[in-house]
Amino acid sequence: MLDVNVVEQVESQLKEAIKQAVLKAELASQEEMPQVVLETPKDKSHGDYATNMAMQLARVAKKNPRQIAEEIVEQIDQQKASVKSIDIAGPGFINFFMDTSYLTDVVNTIFDQGEDYGQSNVGQDERVQIEFVSANPTGTLHLGHARGAAYGDTLANVMEKAGYSVEREYYINDAGNQIDNLAKSIEVRYFEAIGEEKDMPEDGYRGQDIIDLAKGLVDSHGRQFFEMDETERLQKFREHGLKHLLHQIKQDLEAFRVPFNSWFSEMSLYEEGKVEEAVTSLREKGYVYEEDGAVWFRSTEFGDDKDRVLIKQDGTYTYLTPDIAYHQNKINRGFTHLINIWGADHHGYVTRMKAAIQALGNSKDLLDIKITQMVNLFENGEKVKMSKRTGKAITMKELIEEVGLDATRYFFIMRSNDSHLDFDMDLARSESNDNPVYYVQYAHARICSMLKQAEEKGVDVEATADLSLLVAEKEIDLLKRLGDYPQVISEAATKKMPHRIPQYVFDLASDLHSFYNAEKVIDLEQVELTKARIALMKATRTVLKDALQIIGVHAPEQM
RNA sequence: GUCCCGGUAGCUCAGCAGGAUAGAGCAACAGCCUUCUAAGCUGUCGGUCGCAGGUUCGAAUCCUGCCCGGGACGCCA
């Protein structure tokens, strides 16, 4: 069991003190008590915390909020709640100025917990599966996939930290039309490579990756496939293409620091009869009917625009059917929360997928589908086109080579997934203070450098320090920020907003730089203060490194 | 036509389970290196929070309608 973190503890004490004061002043009964809301005012002159309790009580108590505020303040046990002074302001806000000495405990907590600092159990070990990327193995990963990968990986990291039991899965669409197309596309490129003619199918894959793959086949097998019977040849190309492209995808993801626990094959669902079972299951529940020679799923029962075909006239399944079987399989594996991360171009399928989840007898909240919006690349102020069809697409791998791994990870996660992302390559590449990645990494390197020099100057950096010496404004700011970390983690996890992490880490870096410029850490004239500041630096370094690790960015020791 | 996302400072974006004078970075302007990395810091300038109604003591935040931008609407995946 983790210690309740310092900041939470102080906040709940203050809330309790407010509640007790309201009861003592007989402004409301236990039953009438509104939820105590504590907020941190933007303006420092409004204190460390503020509550709107008096305004909330105005109706119940039938009094002027300012008067209510005064009555509450009279009854508050300031000592117990670590409150130094209280103001009443504006329409009836009660502003609390805290005795900030409790903040130094944050440093001790960070030392005790190390990289576990920030962990919580808000997730209560719930078994969550996050399925992401899941790009068809018909080409290399491009920018949209990279965004999904960065989002999914960071979300998984942050949810793990918040106490969820997370599995990361990649669904391999290794069955269906697109794989037949892949085989045919390879065939065309193969023929081209040996000087034979073959027309590219309408929806063939025209990317450079397929051309390269075909050339590779010529190198290793010569004209061997040309001599083969077409069916056999296509089967070979199918197998080879799948294997090769999937391998490439795995390598790309690994290089992007995005690990998966599980790679789930669509084909396996067919092989084990699970697709058929899914249809049977829906049929038994009365959501299946036949019309125009096709088999339909009555998804309109669950709010869909129209019913969806499960089995086409030609007897084959639509993509939806194995997907339903797949989700049933996920549920069977015991996950109580499913998160799918899809690109914006798939948002139209959310309703039918959720309909299927419900038709199978589950709450629609079991499945949470997060959509990542489109990515546009910019270079020299101009939009860089990225079309898979023309073969001129910029792949994820190329982007990483172009701007660097850390910058790519950071840029993809620093914006809300709901926003379109303008990826500024010049900015990502620039080794300047414009670049937020360098700004944040520099904070970490700066601390490392200070610690090194402190050691060289003979300061005992491991010594126990008197943290009560940390009273300067910038020190308090930094301590407060460090204290916020656990809440940032749990909020990013529960709201599924991993972009909160880069925002936090930027603010933390900003507090560090600001402190650095205001106060001198290593001061041999003031050894005790130096020790206290070194302790603060070490704590800051721990949190910086941990937060960067969550978003998949390295924390360099020197720059 | 229907659905999804966005519309906040000149630019890119945060804030959105309602709270006080709406924030950051960049850009522009003015300062700070004989002192722990200036890849840094400090200050100034800059906004009818798309528009119009509504709910509320209080709305960028919630509701309704409209406008603009992007995306999706297949018995493809």
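Naming convention: chains lettered A, B, ... in sequence-line order (proteins, then strands); numbering from 1 in each chain. Note that this is a predicted model, so its numbers are computed, not measured.
- Taking atom C1' on both nucleotides, B/C32 is separated from B/A22 by 30 Å, rounded to a whole Å.
- Looking at heavy-atom distances under 4.0 Å, A/Glu519 makes contact with a base.
- For the C1' atoms, the distance from B/U34 to B/A20 is 47 Å, rounded to whole Å.
- Distance A/Lys354 NZ to B/C3 P: 17 Å, rounded to the nearest Å.
- A donor-acceptor contact under 3.5 angstrom links the side chains of A/Asp307 and A/Thr300, judged on distance only.
- Applying the 5.5 angstrom centroid cut-off and the 30 degree plane-angle cut-off, the aromatic ring of A/Phe93 is stacked upon the base of B/A20.
- The nucleotide B/C3 finds its pairing partner in B/G71, both defining distances of the Watson-Crick or G-U wobble pair being shorter than 3.5 Å.
- Pairing for B/C51 goes to B/G65, judged as Watson-Crick or G-U wobble with the two contacts each under 3.5 Å.
- Nucleic acid contact for A/Ala518: none, since no nucleic acid atom lies under 4.0 Å from a heavy atom of the residue.
- At a threshold of 4.0 angstrom between heavy atoms, the contacts of A/Gln441 with the nucleic acid are absent.
- Counting non-hydrogen atoms under 4.0 angstrom, A/Tyr516 reaches a base of the nucleic acid.
- Here the closest non-hydrogen pair linking A/Ser120 and A/Ser490 is OG-CB, 4.1 Å.
- One can place NE2 of A/His347 at 9 Å from P of B/A72, the figure rounded to the nearest angstrom.
- Taking atom CD on A/Gln178 and atom C1' on B/C76, their separation rounds to 9 Å, with Å as the unit.
- Between A/His46 and B/A20, a base-stacking contact is recorded: ring centres under 5.5 Å apart, planes less than 30° from parallel.
- The nucleotide B/C26 finds its pairing partner in B/G10, both defining distances of the Watson-Crick or G-U wobble pair being shorter than 3.5 Å.
- Nucleotide B/G58: unpaired (no Watson-Crick or G-U wobble partner with both distances less than 3.5 Å).
- Donor-acceptor pairing under 3.5 Å is recorded for the side chains of A/Asp406 and A/Gln441.
- Note: CG (A/Asn376) to C1' (B/C5) measures 14 Å, nearest angstrom.
- With a 3.5 Å ceiling on both atom-pair distances, B/C45 lacks any Watson-Crick or G-U wobble partner.
- The pair A/Lys474-A/Glu519 does not meet the salt-bridge criterion, since no charged nitrogen lies less than 4.0 angstrom from a carboxylate oxygen.
- Using a 4.0 Å heavy-atom distance criterion, A/Arg308 is classed as making no nucleic acid contact.
- Contact record, A/Ile94 with A/Ile86: CG2-CG2, 3.4 Å, taken as the closest heavy-atom pair.
- Between B/G18 and B/C63, the two P atoms lie 12 Å apart (nearest whole Å).
- Separating the P atom of B/C67 from that of B/A14 is a span of 25 Å, rounded to the nearest Å.
- Contacts of A/Thr316 with the nucleic acid, taken as non-hydrogen atoms under 4.0 Å apart, are absent.
- Between A/Tyr151 and A/Phe132, the ring centre distance reaches or exceeds 6.0 Å.
- Salt bridge annotation for A/Glu131-A/Lys330: present, with a cationic side-chain nitrogen under 4.0 angstrom from a carboxylate oxygen.
- Distance noted for atom P between B/C26 and B/C41: 8 Å (whole Å).
- Syn is the conformation of B/C33, whose glycosidic angle sits no further than 90° from 0.
- Within the 4.0 angstrom heavy-atom criterion, no nucleotide atom of any strand lies near A/Lys457.
- A residue-by-residue look at A/Gln503 and A/Val309 shows that A/Gln503 has its nearest nucleotide of RNA chain B further toward the 5' end.
- In this structure, A/Ser514 reaches the sugar-phosphate backbone alone: every heavy-atom distance under 4.0 Å involves primed, P, OP1 or OP2 atoms, never a base.
- If you measure from atom CE of A/Met425 to atom P of B/U12, you get 18 Å, rounded to the nearest angstrom.
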